[in-house]
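Heavy atoms only: backbone and side chains are in, while hydrogens, waters and symmetry mates are out.
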Amino acid sequence: MSDTPNLRQAALDYHEHPRPGKLEVRATKPLANGRDLARAYSPGVAEACIEIKNDPDTAARYTSRGNLVAVVTNGTAVLGLGNIGALASKPVMEGKAVLFKKFANIDCFDIELDQADPEKLAEIVCAMEPSFGAINLEDIKAPDCFVVEKICRERMNIPVFHDDQHGTAIVVGAAAKNALHVAGKKFEDIKIVSTGGGAAGIACLNMLLKLGVKRENVWLCDINGLVYEGRTEDMNPSKAEYAQKSDLRTLDDVIDGADLFLGLSGPGVLSPEMVAKMAKRPIIFALANPTPEILPDLARAVAPDAIIATGRSDFPNQVNNVLCFPFIFRGALDVGATTINDEMKIACIDGIAALARATTSAEAAAAYQGEQLTFGAEYLIPKPFDPRLIGVVSSAVAKAAMETGVAARPIEDLDAYKRKLDGSVFKSALIMRPVFESARSSPRRLVFAEGEDERVLRAAQAIIEETVERPILIGRPEVIERRIEKAGLNLQLGQNVDLVNPENDPRYRDYWETYHSLMCRRGVSPDIARAIMRTNTTAIGAVMVHRGEADSLICGTFGEFGWHLNYVNQVLGRDGFRPHGALSMMILEDGPLFIADTQVNLHPTPEQIAEIAIGAARHVRRFGIEPKVALCSQSQFGNQGEGSGKRLRAALQILDAGNHDIVYEGEMNIDTALDPELRARLLPCNRMEGAANVLVFAHADAASGVRNILKMKGDGLEVGPILMGMGNRAHIVSPSITARGLLNVGAIAGTPVAHYG
């Protein structure tokens with residue numbers, strides 16, 4: 001139950017408004033006319049039925065079954081609420097379905113069955129096999145859950161996974177693996193004391209045995225004390241497997257020297273006095289919810305070096321099944337697995353554990369601001385909102401399924417599969433792939449003007465991992481090192497990343513003299529040049545590119561675009577280079593849309609508009625996309641004599657005279673640019689087929705406005721802005737850019753100039 005009346009009401013309001021519940025059903029195909037109806041239902045639907053009758057495997061092609069999971073419960077063991085019945089469990093099951101969709105894009109129906117008999121419940125579940133690609137059993141009391149799962153696994157040819165058992169066991173296994181790594185211990189050597197003989201507790205112990213723990217080193221206790229040989233009270237076959245031949249009887253008796261306490265029982269079961277008896281560097285998994293077996297502060301009072309995990313989100317190391325079940329099902333469904341076997345579960349454990357030991361993702365850091373996300377005692381397992389989970393874990397599960405022969409639809413290219421999974425959470429991943437491949441062809445030196453910014457540091461880490469570039473950071477070394485340590489990054493100044501310290505750099509004299517020589521006839525005295533080279537990191541970075549000490553400058557994480565552009569143009573706007581426009585790629589649900597000019601020219605001339613169109617088309621081709629450029633205005637094909645339409649028509653004439661190898665059309669409204677049927681009605685002889693993918697405007701206000709509306713209201717992800725006309729020697733980003741956005745711009749900047757065409 002919620003801790004306060006306010007929280008209780010907030011939770012109820014969340015479930016009630018604006019529509020009751022947390023789920024809805026949406027169609028995946030259009031149903032707008034008679035033709036659609038004839039294909040979706042009678043008579044066209046019969047064709048799909050016949051195909052499936054002839055070959056049942058084609059159900060994954062013609063129906064949603066291959067991406068559909070049923071979450072099934074009878075409501076007999078719901079969270080900490082107990083046997084509340086099937087109907088009252090529905091909010092929990094809806095929530096589980098939402099998590100499937102959110103974290104792994106798996107469609108899910110929650111099914112609450114009013115059936116207490118485990119064998120009859122299993123019969124009902126088995127009868128649903130034609131409808132679903134997999135079954136997630138949930139919140140069924142022990143020992144009934146063992147019976148239901150056993151029957152379903154034996155009879156069904158699709159994965160059946162009891163998350164309370166195996167999901168918990170997998171996340172506990174990953175946390176234990178990393179906790180032992182931190183403590184310097186091994187599975188085969190440790191003594192485990194566990195409380196709770198329910199489904200989750202037994203499954204966790206079974207998994208720990210598979211990871212190397214010796215059965216004789218496991219001491220299981222429940223509400224009646226130690227499970228020992230000869231005990232008859234509250235026993236079942238699963239508990240009996242862990243019965244010890246011993247005269248000891250209580251938790252306090254057996255806790256002495258324990259390396260790992262595994263609690264899946266109730267509040268206050270483990271006392272500080274018991275913790276004091278445990279081995280050095282004890283590992284305490286107190287997973288009872290909402291109140292753990294012991295609060296972390298009480299445990300650390302007697303064992304300051306304890307490594308602690310709980311089931312709560314307000315303490316470090318939350319053991320949360322959402323780290324597992326969406327991703328193990330994703331991998332299983334994608335290869336058409338007939339079961340989820342031990343090898344797939346262990347692959348899931350290894351993937352989760354390895355991800356926690358890797359550098360923390362910028363997205364996870366943003367979702368958990370203020371938390372220390374550096375691998376160690378306080379960070380044993382990744383956070384649920386780490387977007388890398390799906391790629392790492394699901395691909396590992398799919399690989400294990402194929403290697404063990406349970407994959408009905410093996411995947412030929414696992415690397416491509418992982419990239420696809422990453423692309424499902426990193427919206428820019430797939431479209432940026434050609435740019436990253438170009439960036440890897442030859443190393444370029446990227447200098448970041450705002451090297452102290454955490455987003456820049458995370459981007460630098462990603463650049464090192466994903467490209468061959470070696471970043472250069474401008475900033476104070478003590479500040480940068482402190483922030484690297486706080487963020488848990490593997491950046492080492494002078495080793496994998498270079499540094500320019502504006503306060504004390506041996507090249508300072510060379511830099512200010514260079515800047516002065518460039519600007520001495522523009523009112524810049526030696527004293528001003530010295531001051532700028534001590535304080536203006538954008539100017540410093542531009543000078544480095546000018547001197548050949550860096551290939552490209554990235555700046556703009558704070559401040560105004562025009563301010564940065566001024567210094568970039570001062571130093572680098574010569575020898576034929578001149579900023580002529582800023583191009584933003586907006587990645588939308590149905591693909592990318594490029595917008596220009598968003599920043600450089602407030603009121604571009606016809607010549608500048610033509611130049612922007614040509615430059616934009618050239619940059620769009622870098623992404624493997626054939627550009628279709630629309631010159632956009634309130635005017636439409638000459639229906640307004642003055643205003644922006646006049647300048648765009650003049651730009652159109654310039655483009656026509658230049659014989660350029662690009663598709664362009666204008667001037668026209670945005671809807672006309674994006675709707676080919678509307679365009680054909682208005683101007684049947686127009687030269688463009690399909691929807692435009694590059695919108696060029698005659699006002700920066702219009703271009704910037706469209707970009708920001710798409711970003712804020714259309715859930716568009718911006719890549720850029722790309723500064724056109726500078727030969728890839730500088731790019732000015734916006735202050736709202738993310739670390740991944742900086743990585744994308746870094747890849748663009750890392751492309752050799754020869755790739756520009």
Side-chain angles (χ1 to χ4, degrees), residues 560-562 565 578-588 591-620 623 625 627-656 658 660 662-676 678-679 682-683 686-688 690-714 716-725 731-734:
E560 194 268 326
F561 189 98
L565 182 62
R578 174 179 50 80
H580 62 67
L583 176 69
S584 288
M585 176 170 67
M586 307 304 299
I587 302 177
L588 307 172
L593 184 64
F594 294 83
I595 312 294
D597 164 27
T598 58
Q599 300 282 0
V600 176
N601 302 292
L602 180 61
H603 196 261
T605 65
E607 292 77 14
Q608 289 172 328
I609 293 169
E611 191 174 36
I612 291 165
I614 296 166
R618 185 172 65 247
H619 281 275
V620 168
F623 296 93
I625 299 170
K628 297 179 182 179
V629 182
L631 306 184
C632 294
S633 168
Q634 184 183 10
S635 176
Q636 186 132 266
F637 303 127
N639 68 358
Q640 294 185 16
E642 297 298 323
S644 63
K646 183 176 181 180
R647 286 184 290 122
L648 288 171
R649 288 192 293 275
L652 200 65
Q653 292 178 350
I654 294 171
L655 290 170
D656 289 344
H660 299 287
I662 61 173
V663 175
Y664 56 89
E665 186 58 280
E667 85 285 12
M668 54 183 154
N669 298 168
I670 295 174
D671 57 348
T672 307
L674 300 178
D675 185 346
L678 173 61
R679 189 168 62 249
L682 295 173
L683 187 67
N686 81 87
R687 66 187 93 190
M688 184 184 295
N693 53 23
V694 184
L695 307 183
V696 174
F697 293 86
H699 290 281
D701 285 352
S704 183
V706 169
R707 178 196 66 166
N708 286 319
I709 288 170
L710 291 174
K711 184 162 57 174
M712 301 306 296
K713 292 296 185 180
L717 176 69
E718 181 180 16
V719 176
I722 301 167
L723 186 58
M724 300 186 292
H731 293 286
I732 305 168
V733 301
S734 60

TODO: Run through Gln636, Glu665, Glu667 and flag the one making a side chain to side chain donor-acceptor pair (under 3.5 Å) with Thr672.
DONE: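 With Thr672 as partner, Gln636, Glu665, Glu667 yield a single side chain to side chain donor-acceptor pair (under 3.5 Å), made by Gln636.
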Test your reading of the model: is there a side-chain donor-acceptor pair from [X] to the backbone of [Y], 3.5 Å cut-off?
| X | Y | answer |
| --- | --- | --- |
| Arg647 | Ala698 | yes |
| His731 | Ile722 | no |
| Arg649 | Gly666 | no |
| Asp675 | Asp671 | no |
| Asn669 | Cys632 | no |

Distance in Å, [X] [atom1] paired with [Y] [atom2], rounded so as to fall on 0.5 Å steps:
| X | Y | atom1 | atom2 | answer |
| --- | --- | --- | --- | --- |
| Tyr664 | Met688 | OH | CE | 10.5 Å |
| Met668 | Asn686 | CE | CG | 7.0 Å |
| Asn693 | Met585 | CG | CE | 11.0 Å |
| Gln608 | Asn601 | CD | CG | 4.0 Å |
| Asp701 | Leu602 | CG | CG | 5.5 Å |
| Gln599 | Met724 | CD | CE | 11.5 Å |

Open item on the list: Listing request: all ring pair (Phe, Tyr, Trp, His ring centres under 6.0 Å) pairs with a residue in residues 594-615, at least two apart in sequence or in separate chains.
Closed with: Phe594-Phe623, His603-His699
- [ ] Check whether any side-chain heavy atom of Leu648 lies under 4.5 Å from a side-chain heavy atom of Ser635, and answer yes or no.
- [x]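 Of all side-chain heavy-atom pairs linking Ser635 with Leu648, none is under 4.5 Å.
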TODO: Could you tell me whether the side chain of Leu723 reaches within less than 4.5 Å of the side chain of Leu565, counting heavy atoms only?
DONE: yes
To check you understand the geometry: which heavy-atom pair defines the closest contact between [X] and [Y], and what is its length?
| X | Y | value |
| --- | --- | --- |
| Glu718 | Ser734 | OE1-OG, 4.1 Å |
| Phe697 | Pro604 | O-CG, 4.1 Å |
| Val694 | Pro627 | CG2-CB, 4.2 Å |
| Val600 | Gly581 | CG2-C, 3.7 Å |
| Leu655 | Ala610 | CD2-O, 3.8 Å |
| Ser584 | Thr598 | OG-OG1, 3.9 Å |

Task: Exceeds 12 heavy-atom contacts within 6.0 angstrom, atom NZ of Lys711 - done: yes
TODO: Check whether more than 12 heavy atoms from other residues, nucleotides or ligands sit under 6.0 Å from atom CD of Gln640, and answer yes or no.
DONE: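 For Gln640, atom CD is crowded (more than 12 foreign heavy atoms under 6.0 Å).
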Task: side-chain contact (heavy atoms from CB on, under 4.5 Å) involving Glu611 - partner list, sequence neighbours excluded - done: Arg578, His580
TODO: Could you pull out all residues at least two apart from Lys628 that satisfy salt bridge (charged side-chain N to carboxylate O under 4.0 Å, His left out)?
DONE: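 Not a single residue meets the salt bridge (charged side-chain N to carboxylate O under 4.0 Å, His left out) criterion with Lys628.
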